[in-house]
Amino acid sequence: MATGSPLLQMERIDKTFPGVHALDHVDFDLYPGEVHILLGENGAGKSTLMKILSGSLEADSGRILIEGAEVRHNNPDRAAKLGVGMVYQEFSLVPTLTVAENICLGDMPRNRAGLIRWGEVYRRAQDILATLGVDINVRAQTSSLSVAEQQLTEIARILAQEPRILLLDEPTSALSDTEVDRLFDIIRRLQERGVGIIYISHRLDEVPRIGTRVTVMRDGRVVGTLPVAEADKNTLISMMVGRRLAEQYPKTVSQPGPPVLRVENLTAEPVLHDLSFEVRAGEILGIFGLMGAGQTHLAHVLFGLEPMTSGQVYIDDEPVTIRHPTGAIRRRMGLLLRDRQASLVPVQGLGPNITLPKVSQRALLGLLNLRSETQIASQYIADLSIRPPQVRRPVKFLSGGNQQKVCLARWLATGARILIVDEPTRGIDVGAKAEVFGLLDRLASSQNVGIILISSEMPEILAMADRILVMRQGRFTAEYAYGEATQELLLKSAS
Ligand SMILES: Nc1ncnc2c1ncn2[C@@H]1O[C@H](COP(=O)(O)OP(=O)(O)OP(=O)(O)O)[C@@H](O)[C@H]1O
Ligand SMILES: [Mg+2]
């Protein structure tokens with residue numbers, strides 16, 4: 001598929017941020033009609049390289065050539081005029097605008113008098129979303145959309161510009177399987193038209209499905225470039241981490257203790273219906289469901305973020321009513337939200353971001369100790385290999401995956417006895433995944449924490465959960481003990 005002369009050449013691109021050599025003389029190229037996949041651990045430099053191409057960052061040195069001609073651009077508008085369109089890992093939508101306004105933002109249709117033709121704005125936005133096969137109200141305010149809908153709107157916005165070089169930075173991390181299938185169909189159609197696509201992902205199983213070539217980066221350098229046919233999973237993992245992974249899914253199977261959380265007939269209209277279950281001390285309870293089955297609502301209701309209509313929750317056999325997250329935190333419950341970015345304080349350092357709820361928990365007791373904040377944060381920075389390991393570095397300067405690890409560290413630091421984690425490995429690289437699972441396993445098996453693991457990644461839930469409940473349309477449809485379920489059974493019960 002990759003034939004003729006290159007569409008894009010990036011030569012010896014170098015970029016240093018204060019304290020980090022993010023890109024060390026990187027070479028990268030792209031041919032018309034190919035999907036060039038860019039892989040690497042969190043913080044490897046993938047997003048930085050793409051931001052330089054899309055004009056939102058400037059390289060310290062190096063050259064960029066498009067169709068053989070050197071280009072100089074230092075802002076996204078000029079890059080867009082050259083045909084470069086980028087779907088960012090952190091969305092760039094304007095939350096207060098409607099979906100249609102966001103999609104047409106770069107090029108609002110106007111009449112001769114210069115007035116915006118609103119009918120045309122809505123029609124164009126509608127058309128593009130229709131090609132993506134998604135049903136989103138183009139008049140809705142963007143902030144009211146789910147993460148997946150925002151992701152699709154973001155993709156639609158870039159496709160509206162008809163780029164000849166399309167950059168996708170982790171486009172599928174928030175999408176359901178059917179949405180991923182549609183996106184891949186669109187990518188294939190763009191390929192046929194000769195568009196070159198650069199695709200960043202942490203999902204290694206996407207490589208053979210969509211890729212032409214793969215480039216692996218580590219610590220700001222290119223480790224190698226391979227055709228997809230030669231890029232099997234183990235080769236890629238060892239290129240990414242520079243060592244063999246000890247164990248992808250560390251799991252201790254042990255006898256769980258008494259229930260820490262018990263839920264009876266929980267209903268939250270209109271999404272959750274009559275849910276009864278329990279989580280035991282030291283148990284990892286997996287909840288599997290396709291996107292939108294209600295699993296995230298359940299997490300929110302348990303944590304006091306959404307109201308319940310009826311039912312009863314017990315903690316340690318005591319009936320409780322949790323109307324607000326502070327009540328949940330006081331009862332030593334923790335929740336890792338699916339929408340990670342929403343819960344970080346971007347200008348603050350790693351330390352305060354990790355210890356935030358812990359501090360508020362202790363502030364209840366009137367204590368605050370900055371030294372211990374640094375100690376606790378350093379511990380988790382090491383455990384989860386958060387990079388760069390600087391307690392005072394503002395989180396907004398971290399790579400996407402490292403920001404996710406900060407959110408996770410925060411809840412691990414609260415000393416929660418009941419921990420709910422919603423898609424805990426979204427955006428996290430293979431090495432860090434193993435570390436996250438190692439921590440969850442230790443919390444359960446040696447500290448007796450009861451964990452609810454909400455996940456749509458079948459391999460991880462099958463490997464890590466002591467028990468799996470399957471959810472469909474707000475109800476439980478099946479329960480499996482460890483070792484009992486298979487991917488087929490999960491899918492069958494979920495759809
Ligand atoms: N604006 C910035 N200021 C300071 N440092 C930055 C900035 N952007 C990125 N970095 C640092 O540069 C390095 C590369 O980050 P980059 O975002 O390119 O990683 P990535 O490969 O996209 O990782 P991920 O998979 O986690 O998204 C990281 O160490 C990151 O902390
Ligand atoms: Mg990134």
Side-chain angles (χ1 to χ4, degrees), residues 10 13-26 28 36-60 62 74-76 86-92 151 154 167-174 198-204 206-207 214-224 236-237 239-242 340-341 344 346-351 353-354 381 384-409 423-436:
M10 297 180 85
I13 304 288
D14 207 83
K15 178 77 185 174
T16 300
F17 294 112
V20 184
H21 197 175
L23 295 175
D24 187 357
H25 299 94
V26 168
F28 185 89
H36 194 154
I37 296 185
L38 192 51
L39 293 178
E41 284 188 291
N42 297 131
K46 307 175 297 289
S47 296
T48 303
L49 185 67
M50 292 304 104
K51 284 177 185 168
I52 286 170
L53 179 55
S54 76
S56 61
L57 280 177
E58 206 171 350
D60 298 339
N74 45 17
N75 69 58
M86 172 155 180
V87 175
Y88 289 88
Q89 186 174 15
E90 317 83 24
F91 307 135
S92 59
Q151 177 76 79
E154 177 93 9
L167 319 179
L168 296 160
D169 196 347
E170 292 195 45
T172 55
S173 62
I198 305 173
Y199 187 99
I200 300 178
S201 176
H202 286 292
R203 297 185 166 174
L204 296 182
E206 293 182 347
V207 172
V214 190
T215 288
V216 177
M217 290 181 69
R218 186 167 73 229
D219 296 334
R221 297 203 185 104
V222 170
V223 180
L236 292 175
I237 289 179
M239 283 171 84
M240 281 168 71
V241 300
R340 240 51 61 82
Q341 309 297 339
L344 286 172
V347 294
Q348 286 274 21
L350 288 183
N353 265 293
I354 290 176
I381 288 171
L384 295 173
S385 39
I386 295 175
R387 278 192 277 172
Q390 297 160 2
V391 180
R392 278 181 194 81
R393 194 176 189 84
V395 289
K396 69 170 172 181
F397 293 146
L398 293 189
S399 75
N402 280 295
Q403 292 187 0
Q404 308 256 36
K405 293 188 218 169
V406 171
C407 296
L408 186 63
E423 303 288 355
T425 59
R426 214 183 87 200
I428 287 185
D429 68 56
V430 276
K433 262 184 205 175
E435 279 147 11
V436 167

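Order of listing sets the numbers, starting from 1, for every ligand and every atom in it.
- Remark: ligand 1 and Ala44 share an N or O pair separated by less than 3.5 Å (distance only, no angle test).
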**Message:** Using side chain to side chain contact (heavy atoms under 4.5 Å, CB included), reason through Met240 and Leu204 one step at a time and then give a plain yes or no.
**Reply:** CA-CA 11 Å; Met240 281 168 71; Leu204 296 182; 4.1 Å; yes
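- For atom 29 (O) of ligand 1, the nearest non-hydrogen atom of the protein is Val20 CG1, 3.5 Å.
- At a heavy-atom distance under 4.0 Å, only side-chain atoms of Phe17, from C-beta outward, approach ligand 1.
- From the protein, the heavy atom lying nearest to atom 25 (O) of ligand 1 is Lys46 NZ, 2.8 Å.
- Looking only at protein heavy atoms, the nearest one to atom 16 (P) of ligand 1 is Thr48 OG1, 3.5 Å.
- Between the CG atom in Leu39 and the CE atom in Met239 there is a gap of 8.5 Å [rounded to 0.5 Å].
- Ligand 1 does not have Lys51 within reach: every non-hydrogen atom of the residue lies 4.0 Å or more from it.
- Looking at Gly43 next to ligand 1, an N or O pair under 3.5 Å apart turns up.
- With respect to atom 17 (O) of ligand 1, the closest heavy atom belonging to the protein is Ser399 CB, 3.4 Å.
- Residue-to-ligand polar distances keep Pro388 apart from ligand 1: every N/O pair is separated by 3.5 Å or more.
- Of all protein heavy atoms, the one closest to atom 22 (O) of ligand 1 is Ser47 OG, 2.8 Å.
- Between Arg387 and Asn402, the shortest heavy-atom contact is N-OD1, 3.0 Å.
- In terms of polar-atom proximity, Phe397 is counted as a contact of ligand 1, with an N or O under 3.5 Å from an N or O of the ligand.
- For the atom pair CZ (Phe397) and CD (Gln403), the distance works out to 11.0 Å, reported to the nearest 0.5 Å.
- Only one option out of His202, Gln151, Glu206 pairs with Thr172 in a side-chain contact (heavy atoms from CB on, under 4.5 Å); it is Glu206.
- Contacts with ligand 1 closer than 4.0 Å are made by no heavy atom of Met217, backbone or side chain.
- Proximity of a side-chain donor or acceptor of Asp169 to a complementary backbone N or O of Met86 within less than 3.5 Å is not detected.
- A distance of 4.5 Å separates CD in Glu41 from CG in Asp429, rounded to the nearest 0.5 Å.
- Counting only distance, with no hydrogens or angles, the side chain of Asp24 and the backbone of Gly220 share no donor-acceptor pair below 3.5 Å.
- Here Ile200 contributes atom CD1 and Lys46 contributes atom NZ; the two are 6.5 Å apart, rounded to the nearest 0.5 Å.
- The residue Gln403 has no part lying near ligand 1, judged by heavy-atom distances below 4.0 Å.
- Here the straight-line distance linking atom CG of Leu53 with atom CD1 of Ile198 works out to 5.5 Å at 0.5 Å rounding.
- Less than 4.0 angstrom separates some heavy atom of Leu398 from each of these atoms of ligand 1: 31 (O).
- The nearest protein atom to atom 5 (N) of ligand 1, hydrogens excluded, is given as Arg393 NH2, 3.1 Å; this is a heavy-atom distance.
- Assignment of Gly40 to the shell around ligand 1 is not supported, since no heavy atom sits closer than 4.0 Å.
- Close N/O approach between Asn42 and ligand 1 is found [any backbone or side-chain N/O within under 3.5 Å].
- Residues His25 and Asp14 have side chains that bring a donor and an acceptor to within less than 3.5 angstrom of each other.
- Using a 4.0 Å cut-off between charged side-chain N and carboxylate O, Glu435 and Lys405 make no salt bridge.
- At least one N/O/S atom of Ser47, whether from backbone or side chain, sits less than 2.8 Å from the Mg ion (ligand 2).
- Heavy-atom contacts of His202 reach the following atoms of ligand 1: 25 (O) (cutoff under 4.0 Å).
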